[in-house]
Amino acid sequence: MSENVVPFHKHTDPLAPDAAPTVLTVVPDAPPARPVPLWVRSGRAVKTAVTHERTRSAGRAAIRHSLYTFNGGRIAARRAWDGRTGSRYERMIRAAEAAGNLEAAEEWEERLQRFRAARHHRRMDLLHSPVDAAKGVAVGAGMSVGLLVALGIVMAISTEDAGHVITPLTATIDFIALLIRIVQVVWGPAITIGPFLALLALWSVGRKQHAAPAWALPVNVRSGEGEPITPSIVVKALRDLGVPALARAIKEMGDAGASMLGPITIAGCGVEVDVTLPSGVSTNEVQAKRRKLAENLTRHEHEVFITIPPAARTVRLWIADSGALDEPIGPSPLVTDETMTANYKTGRAPWGQDLRGDAAELSVYQRHLLVTGLSNQGKTAALRALALWLALDRSVQFWIADLKGIGDWAMFDGIAQVLIEGPSDDHVIQATEMVEDAVEEMNRRIEERRRDPAVVFEPLIVVVDEAQLAFMCPVKGEDGRPYGGAKATSRYFMAVRKIHNQGRAVDVLMWQGTQDPTDQNLPKLVREGAHTRASLVLGTESQAVMALGAKAVNGGAAPHLLRQGLDKGTLVVASDGIAVPAGQASITVRTHFIDDEPAAEIADRAKALRDGVTTLRVVDQGEERDALADLATVIGDAPRLRTNEALKRLHTLAPDTYGDQWTNDRLKALLEAHGEEPKKSHGVMVVHRDHVLRALANRDENGSASASE
């Protein structure tokens with residue numbers, strides 16, 4: 001049996017924290033909340049109801065429609081006052097004087113004098129009109145009674161009843177009595193309903209003019225979605241532009257600035273209006289605030305274009321419909337019209353549409369071309385679309401260097417005499433030598449033109465896409481001259497300059513496509529040598545000046561304000577080969593996009609128009625050449641070829657082998673050595689494909705016989 005010892009003394013040592021006794025604290029229940037007074041709850045409910053969005057919308061609607069009616073009455077009264085008095089003319093005179101346009105002020109003053117004279121004549125006529133009206137009523141009544149009596153006499157004679165003499169007169173009196181009874185019946189309701197109809201008419205006038213404060217208007221009108229461009233909106237946007245002189249002049253004008261505006265006309269997917277600025281306001285002050293002007297017009301910056309027309313102190317605004325520029329423009333006529341042909345001299349390439357929605361067509365006749373812009377914005381597609389159209393003219397020859405090398409120009413195999421594809425330095429070297437060969441061809445044509453001024457040459461289009469690679473190429477040739485660069489020692493630069501200087505005279509033209517232009521990858525002398533300069537979206541205004549020239553940019557051309565990625569294929573073009581609005585230096589074109597598959601179909605149509613073209617590739621110049629086999633290669637599928645053309649193609653194939661030492665006589669000797677010779681066709685010396693093939697066969701037979709011996 002164990003014992004339990006219970007201590008009775010008190011421990012004085014403090015307990016450990018974890019061994020401390022648990023202390024329970026009893027917290028009394030909170031007192032019940034005091035009830036919210038009824039007046040507080042009612043106030044909260046009223047506040048919630050008053051500030052609710054539905055209540056606010058209903059309140060705005062009530063105020064809006066009330067003000068529509070009130071302001072509609074003001075507008076109708078002002079129109080009536082303007083129609084009866086000369087106040088409209090006086091406002092125009094004050095506005096013209098404020099704008100400093102004295103000629104317009106004199107014209108409006110003459111109109112006011114004519115209006116007052118006409119009003120005086122009308123008032124003088126009122127003095128005689130009561131007597132004239134009484135006479136007219138008397139004469140009219142007498143004639144009417146006489147006519148009715150005469151009709152009654154005719155009826156009486158016909159029916160042999162004298163009582164019918166007054167029948168027409170009686171019927172007329174009964175009809176008049178019926179009309180009086182109808183008026184008596186309708187008059188009461190008309191008096192009751194008439195005021196409501198008048199208020200409805202005034203409400204309609206105010207609604208059409210949005211005659212209410214902006215905060216009371218519907219959301220879609222406040223945000224500008226679908227808002228039509230009206231004179232008041234344009235003037236208000238100009239007034240709030242932040243140009244003090246312009247704002248003061250508008251406030252001083254009696255018509256609130258309306259006299260500054262020309263007619264607002266529909267122009268494609270937007271509207272166009274000319275604004276004559278008041279004295280003291282320059283056009284560049286408005287141009288510099290394009291974004292603010294666009295936002296004042298409830299548009300995005302890219303939806304407003306500002307250009308300078310011929311009239312002095314005038315800016316032309318083109319304002320797009322909201323979102324219209326984001327819609328595609330449709331396929332190219334080259335895709336939809338399989339019967340379309342081209343003419344290098346007189347034709348125009350269907351390139352796209354301008355902002356007015358009209359077809360934008362470009363003439364390429366004797367015009368060097370430069371297309372530039374940022375990467376992946378549609379430069380190659382725009383350049384290729386022109387080449388595809390021109391390929392439908394069978395007389396045009398193409399030498400093409402695609403320094404991107406991803407097959408964008410592959411469909412020209414069989415159309416182009418030369419096709420280089422690739423981005424390496426070797427491809428740049430080949431492209432440079434191709435352009436130098438074009439210079440030699442140009443010189444040959446110039447020399448031939450000296451001997452015979454009447455000679456006509458087939459157009460030669462030299463295309464270099466991604467030309468910035470050629471200008472930036474660091475490789476040097478054996479003579480120490482660099483292929484790239486922008487100095488007089490640069491081979492590519494100097495070759496392009498020579499073609500720009502003299503090529504158009506003999507129809508040797510340079511087409512270049514380049515991206516992200518700088519002074520290094522697009523030298524000034526080269527870009528200014530192009531007759532047609534087009535630019536897609538660019539990063540800065542200085543690049544826009546490089547691409548299009550200072551004149552075009554100062555006149556409103558703004559490729560740097562296009563949207564990268566969203567405005568693909570939109571070009572700003574400066575050229576005399578396209579219809580540019582009078583007084584402007586450039587035009588904005590939304591080009592048709594031709595994808596690879598339809599481009600190949602167009603190329604096939606171009607090939608069908610030609611006798612057969614063998615596209616040549618640049619090969620190693622050091623290898624030993626088989627002249628007869630090369631001649632067969634350059635002839636291709638053509639039944640015959642002029643000897644000059646054959647020599648030119650041989651030179652393109654291997655410039656070092658078939659240089660200046662190869663002439664018509666040497667070509668003739670080559671064929672005669674194998675039993676054939678060139679012959680004339682229509683007075684021109686030609687080489688027949690069959691003759692060349694027979695010469696090859698003869699050589700092979702002779703070679704086999706010698707081997708067997």
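- Considering every non-hydrogen atom in both L548 and R533, the closest pair reads CD2-O, 3.4 Å.
- Side-chain atoms of P639 and R689, non-hydrogen and from C-beta on, never get closer than 4.5 Å to each other.
- Contact check for E466 versus K379: side-chain heavy atoms found under the 4.5 Å cut-off.
- At distances below 3.5 Å, not a single donor-acceptor pair connects side-chain atoms of D358 with backbone N or O atoms of D354.
- Residues R316 and F305 have side chains not in contact (no heavy-atom distance under 4.5 Å, counting atoms from C-beta outward).
- Under the 4.5 Å side-chain criterion, counting only non-hydrogen atoms from C-beta, I308 is in contact with Q287.
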Exercise for review: Take T380 and D465 through the test side chain to side chain contact (heavy atoms under 4.5 Å, CB included) and record every step on the way to the result.
Suggested key: CA-CA 7 Å; T380 297; D465 195 10; 2.8 Å; yes

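- Pairing each heavy atom of Q468 with each of T514, the nearest pair is OE1-OG1, 3.2 Å.
- L383 contributes atom CG, which lies 10.0 Å from atom CG of L571 (distance to the nearest 0.5 angstrom).
- The main-chain N or O of G484 is found under 3.5 Å from a side-chain atom of S490 such that the two form a donor-acceptor pair.
- Under the 3.5 Å distance criterion, the side-chain polar atoms of W351 are left unmatched by any main-chain donor or acceptor of V589.
- Side chain of R497 to main chain of L525: a donor-acceptor pair is present (N/O by atom type, distance under 3.5 Å, no hydrogens or angles).
- The main-chain N or O of T346 is found under 3.5 Å from a side-chain atom of N343 such that the two form a donor-acceptor pair.
- Side-chain contact between N443 and K498 is absent, with no heavy-atom pair separated by less than 4.5 Å.
- Atoms NE2 and CD, from H500 and E528 in turn, are 11.5 Å apart once rounded to the nearest 0.5 Å.
- At distances below 3.5 Å, not a single donor-acceptor pair connects side-chain atoms of T489 with backbone N or O atoms of R481.
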Check your understanding: Do E447 and R450 pass the salt bridge (Lys or Arg N to Asp or Glu O under 4.0 Å) test, and can you show the C-alpha distance, the side-chain angles, and the key distance before you say yes or no?
Key -> CA-CA 5 Å; E447 185 63 29; R450 275 200 202 95; 2.7 Å; yes

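- Distance check: L609 CG to D604 CG gives 11.0 Å after rounding to the nearest 0.5 Å.
- For the salt bridge (charged side-chain N to carboxylate O under 4.0 Å, His left out) condition, no pair includes a residue of residues 332-343, sequence neighbours left out.
- No donor-acceptor pair closer than 3.5 Å links the side chain of R445 to the backbone N or O of G503.
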Exercise for review: Go through E440 and R444 one step at a time and tell me if the salt bridge (Lys or Arg N to Asp or Glu O under 4.0 Å) criterion holds.
Suggested key: CA-CA 6 Å; E440 294 184 10; R444 184 192 66 80; over 6 Å; no

Exercise for review: Step by step, work out the side chain to side chain contact (heavy atoms under 4.5 Å, CB included) result for M472 and V428.
Suggested key: CA-CA 10 Å; M472 299 297 290; V428 171; over 6 Å; no

Point to revise | Stepwise side chain to side chain contact (heavy atoms under 4.5 Å, CB included) test for L536 and V371 | key: CA-CA 8 Å; L536 297 120; V371 179; 4.3 Å; yes

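- The main-chain N or O of G565 is found under 3.5 Å from a side-chain atom of Q377 such that the two form a donor-acceptor pair.
- With no hydrogens or angles considered, no side-chain donor-acceptor pair links Q397 and Q417 at under 3.5 Å.
- E458 is not listed as a side-chain neighbour of D507, based on a closest heavy-atom distance of 4.5 Å or more.
- The heavy-atom pair separating I578 from A360 by the smallest distance is CD1-CB, 4.1 Å.
- The shortest non-hydrogen separation linking A557 to P559 is C-CD, 3.7 Å.
- Under the ring pair (Phe, Tyr, Trp, His ring centres under 6.0 Å) criterion, the residue pairs touching residues 380-411 are F398-F412, W409-F412, with sequence neighbours excluded.
- Shortest non-hydrogen contact noted between Y492 and Q512 is OH-OE1, 2.9 Å.
- For the pairing with M546, the side-chain contact (heavy atoms from CB on, under 4.5 Å) check across T540, T372, L522, D519 returns one residue only, D519.
- For residues 524-567, every residue pair satisfying the ring pair (Phe, Tyr, Trp, His ring centres under 6.0 Å) rule, not counting sequence neighbours, is listed here: H368-H531.
- Separation of atoms CG (L388) and CZ (R605) is listed at 9.5 Å; rounding is to 0.5 Å.
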Practice item. Walk me through it: do E448 and F457 pass the test side chain to side chain contact (heavy atoms under 4.5 Å, CB included)? Key: CA-CA 10 Å; E448 190 172 346; F457 301 105; 3.8 Å; yes

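- A distance-only check finds a donor-acceptor pair linking the side chain of Q543 to the backbone of G539 [under 3.5 Å].
- Between L562 and S535, every side-chain heavy-atom pair lies at or beyond the 4.5 Å cut-off.
- At distances below 3.5 Å, at least one donor-acceptor pair connects side-chain atoms of R610 with backbone N or O atoms of A391.
- Annotation for A585 and A552: closest pair CB-CA, 3.8 Å, computed over non-hydrogen atoms.
- Taking the side chain as every heavy atom from C-beta outward, L362 and T532 approach each other to under 4.5 Å.
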